Every structure is written in C-alpha cells, then in structure tokens.
Number of protein chains: 2
Amino acid sequence: MTLDQQPLPSARDRLLTAAGELFYVRGINATGIDAVVERAGVALATLYKQFGGKDRLVAAYLEERDHRWRADWEAAIATTTDPRQRVVAIFDALERWWGTEGCYRGCAQVDAAVEITDAEHPAIAAITRHKTHLRQRLTELTREAGAAEPEQTAADIVVIYEGTITALLLQLVPEPLQRARRLTTELLPTDNRR
Amino acid sequence: MTLDQQPLPSARDRLLTAAGELFYVRGINATGIDAVVERAGVALATLYKQFGGKDRLVAAYLEERDHRWRADWEAAIATTTDPRQRVVAIFDALERWWGTEGCYRGCAQVDAAVEITDAEHPAIAAITRHKTHLRQRLTELTREAGAAEPEQTAADIVVIYEGTITALLLQLVPEPLQRARRLTTELLPTDNRR
DNA sequence: GTTCTACTAGAACGGTCGTTATACTACGGA
DNA sequence: TCCGTAGTATAACGACCGTTCTAGTAGAAC
C-alpha cells in the first residue's frame with residue numbers, strides 16, 4: 001500500500017481555502033486581503049502572484065464554491081434512481097450544507113451578488129454560470145421526471161430553491177427544507193406507473 | 001386654497017433620503033458616511049447629532065424602508081376585495097417597486113442581512129421586524145382566503161416571495177412575477193361559491 | 001439682549017484598505 | 001554552476017474609513 005503522504009496543499013490552495021472561510025462568514029467587502037494572507041500562512045506577494053488582486057481572488061473563490069456545489073448536487077442526485085426524488089435531491093444537498101457548515105450565511109453566490117455592485121467585476125460572470133447551471137440541470141431532471149414543460153417547472157423550482165436559502169438565512173419560516181420538498185414535489189407529475 | 005408651500009425637508013429627512021439611495025444602490029459597507037452627508041447637503045456633525053453614528057443611520061434607513069413597504073403592500077391589497085387576489089397583491093407591490101426603482105438591488109432588508117455579520121448591529125432587529133410582519137400579514141390574508149392552515153400557507157408564500165426577489169435580482173428565470181402569482185394562487189383553495 | 005438650539009464648515013484622529021516595491025531564501029533542472 | 005521559479009518577510013504608498021473636535025452662524029424663545 002502506498003503511504004498516504006499528505007501533499008501539503010500549495011500556497012494557492014491555502015489561499016483559496018482561507019478566502020473561502022473568511023469571505024463567506026465575514027463578507028467580501030468586510031474581509032481585508034491581509035486577513036486572508038495571514039490565515040493562509042502565505043506571503044502577500046504570493047497572493048498577487050497567483051491571483052493578481054482581490055477581485056480575481058473573489059472570482060476564484062466563487063468558482064471553487066460552484067464546483068463544490070455541483071459535486072454536492074450530483075452526489076445527492078445519485079443516491080436514488082426515482083426521477084422525482086432526484087429532482088428533490090437538491091434540497092438534500094442544501095440541508096447537508098446547512099447542517100455541516102459552522103456558520104450558515106446563505107448562498108455564497110447570492111451574497112457576492114449583493115455585495116458587488118460593479119457589473120464589470122470578474123465575480124459576476126462566475127455567479128451567472130453557477131445559477132445558469134442549476135437551472136439547466138433542473139430542466140434535465142424535471143424532464144426525466146416527466147414534466148410537461150421542463151423549463152417552466154425548473155424555473156418554478158429555482159424560485160423555491162432561492163426562497164428556501166433566504167428563509168434559512170433569516171429563519172423566516174419553520175422547517176423550510178421540508179416545505180421546499182413538498183412544494184417541489186407538488187410541481188411534478190404523480191407517479192402513475194402502477 | 002392654501003399655498004402648497006413645500007416645507008423643505010428637515011436635515012434628518014434629507015439624511016434618510018440620501019442614505020436610502022446610496023445604501024441601497026451601492027451597498028452599506030461600500031458607502032462612506034461622507035458620501036451620505038454630501039448627497040444630503042448636510043454637515044457631518046448633524047448626522048452624528050441625529051443618529052449617533054453609521055450603525056443607527058443604517059437601522060433608521062431599514063425602518064424607513066419597512067414603513068414604505070407596509071404602505072405599498074396595504075395599497076396593493078386595498079385595490080381588490082377578492083380574498084384570493086388580496087393575497088397575491090404583494091407581488092403587485094413588488095412589481096411596482098421593481099419597475100419604478102432606477103436600480104433594482106433586491107430586498108433592502110435581505111441585502112443588509114447579507115452585509116451585516118454582527119448580530120448585535122441595531123439593523124438586525126429592524127430586519128426581523130420587517131420579515132415577521134410580512135409573515136403575519138400573509139397569515140391573516142390566507143385565513144381570509146379560506147386556507148385550511150393559514151400559518152403554513154403563509155410560510156409557503158414567504159418562501160416564494162423571497163425566491164422571487166432573488167430571481168428578479170439575478171434574472172434567474174423568465175417572468176418571475178407571473179410565476180410567483182401562479183404558484184401562490186395554486187396554494188389557495190379554489191373559489192367554490194358558485 | 002441674551003440664551004438656547006439646530007445647523008454649518010473644516011480639520012484632525014487613528015485605523016484599515018488594496019496595491020506595489022524591495023530584498024532575501026530554497027530548490028529543481030540544464 | 002547558473003538560472004528561473006516560487007516562495008518568504010517587511011515596508012511603504014495613497015486613499016478612504018468612522019469618529020471626534022473646534023469654531024462659527026442663523027433664528028426662535030424668553
């Protein structure tokens with residue numbers, strides 16, 4: 001067996017990890033570059049060498065979050081073969097994230113969109129990619145679940161999904177995840193194979 | 001007839017107006033106190049005399065937004081006597097706000113909750129009040145519309161409402177307001193009086 | 001006329017921001 | 001051995017942050 005030698009993460013990865021923790025919990029504008037560098041245990045010049053500046057570090061942070069969410073969604077979807085359950089699985093992924101994270105601050109992409117008002121900021125494109133992917137993936141899943149209009153049903157579910165994220169953040173309603181699963185299920189055709 | 005002499009708004013009101021425009025469009029953390037003072041055409045010392053500091057100015061800004069929203073909701077609700085239409089009216093108010101505002105940045109209360117991570121910040125209480133009022137008002141309206149479980153139906157609508165706000169901000173789906181009205185209507189009992 | 005209040009203009013405080021520059025170290029490959 | 005790469009530590013830059021302070025002005029109340 002090979003030794004499980006930890007490859008000790010590169011300076012770039014350590015920066016990305018530190019940025020992820022700080023930007024998400026404290027906010028992007030409220031987090032200074034020095035705090036990221038200190039938490040990563042890395043020299044300031046390395047940050048500029050790797051990312052060129054804060055803006056592109058923020059964009060890279062959101063890209064990384066996007067990749068993790070896509071993986072989490074797919075993992076949740078893969079737990080079942082029932083086409084209707086596979087649609088609802090995005091809320092299982094959301095529940096896992098909500099329960100795991102030390103501090104829940106909603107969707108990192110939405111938070112960034114609120115904080116960043118400059119349309120030219122490189123993070124904006126990353127946010128759009130993340131949300132577009134979710135809508136497209138839900139369209140596939142609702143089609144496989146037999147929806148008459150998969151695009152429309154997927155759009156409905158996107159609204160419920162975003163509302164659930166906000167409801168979790170602000171604790172607006174009791175049991176938002178149960179609620180979201182029920183609302184979503186009601187949008188899908190009933191299983192009439194039997 | 002009395003002369004319509006404009007009472008020229010007080011320094012406090014001018015500060016609140018300027019703060020509302022700048023905090024909403026540029027974000028709270030990204031807006032300096034100097035910019036607010038300059039736009040209001042007011043001395044810096046007046047801001048501190050009236051509000052004591054930025055934190056309480058932010059809280060006052062959110063309170064003012066809360067009052068305006070409550071008035072907008074009631075105005076939209078009052079346009080009809082149909083109990084089911086009265087529930088859906090919150091989306092008419094949202095549509096009006098979305099179309100009127102020069103720059104739509106979502107819900108000011110949610111934006112503030114994203115930007116402010118300190119739970120002791122005086123704005124947090126204002127945000128909670130705003131959202132609690134919406135849920136309670138929707139509970140009354142769904143009860144009047146004949147919902148079997150008004151609290152639960154109202155909570156469902158809150159989720160749809162918050163999701164619609166995010167969908168508008170990020171342009172996630174086509175026709176989010178039509179969508180929200182349809183989803184909400186489906187949650188209410190059908191009119192079976194005839 | 002004096003006093004009180006609300007307001008103005010402007011400077012200064014210490015602190016943090018994102019960014020750039022300087023100088024040094026460790027190491028792998030040619 | 002030399003060179004390029006990737007990293008380190010530290011200092012400095014100009015700009016802006018929220019806050020406090022000083023000093024002066026206009027008007028109403030008494």
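Only this structure's heavy atoms are used, side chains among them; waters, hydrogens and symmetry mates stay out. Lettering of chains follows the sequences in order, A, B, ..., and the numbering in each one begins at 1. In this text the structure is predicted, and so the values were computed from the model without any measurement.
Closest approach to the Ile33(B) side chain among dT19(C), dA9(C), dT19(D) is made by dT19(D) (side chain taken as heavy atoms from C-beta onward). Looking at the side chain of Leu44(B), the nearest of the listed nucleotides dA9(D), dA11(C), dT8(C) is dA11(C). Closest to the side chain of Ala45(A), out of dT19(D), dA11(D), dT8(D), is dT8(D). Nearest to the side-chain atoms of Lys54(B) among the listed nucleotides dT8(D), dT19(C), dG18(D) stands dG18(D).
For the pair Thr166(A)/Val110(A), no side-chain contact is recorded, criterion being any heavy-atom separation below 4.5 Å from C-beta on. In this structure the side chain of Arg182(A) never reaches within 4.5 angstrom of the side chain of Glu175(A), judged on heavy atoms.
Note: OH (Tyr48(A)) to P (dG18(C)) measures 7 Å, nearest angstrom. Regarding Phe23(A), its CZ atom lies at a distance of 11 Å from the P atom of dC17(C), rounded to whole Å. Atom-to-atom, CZ of Phe51(B) to P of dA6(C) comes out at 14 Å; the value is rounded to the nearest Å. The nearest whole Å value for the distance from the NZ atom in Lys49(B) to the C1' atom in dC7(C) is 9 Å. For the pair Leu15(A) CG and dA6(D) C1', the interatomic distance rounds to 13 Å; values are reported in whole Å. Rounded to whole Å, the distance from CG on Leu47(B) to P on dG10(C) is 18 Å. The CZ-P distance, from Arg12(B) to dA6(C), rounds to 12 Å in whole Å. Rounded to an integer number of Å, the gap from CG of Leu57(B) to P of dT19(D) is 10 Å.
In this structure, Asn29(A) and Val42(B) both approach DNA chain C, and ranking their closest nucleotides by distance from the 5' end singles out Val42(B). Looking at which nucleotide of DNA chain C each of Gly53(A) and Gln50(B) is closest to, the 5′-most match is held by Gln50(B).
At the heavy-atom level, Gly41(A) lies under 4.0 Å from the strands shown only through sugar-phosphate atoms.
Contact between the side-chain N/O atoms of Thr46(A) and the OP1/OP2 oxygens of dT8(D) is found at a separation under 4.0 Å. Close to dT8(D), at under 4.0 Å from its OP1 or OP2, lies a side-chain N or O of Arg14(A).
Contact record, Ile33(B) with Leu47(B): CG1-CD1, 3.7 Å, taken as the closest heavy-atom pair. The heavy-atom pair separating Pro176(A) from Thr164(A) by the smallest distance is O-CG2, 3.9 Å.
Between the Arg84(B) side chain and the Ala145(B) main chain, no donor and acceptor come within less than 3.5 Å of each other.
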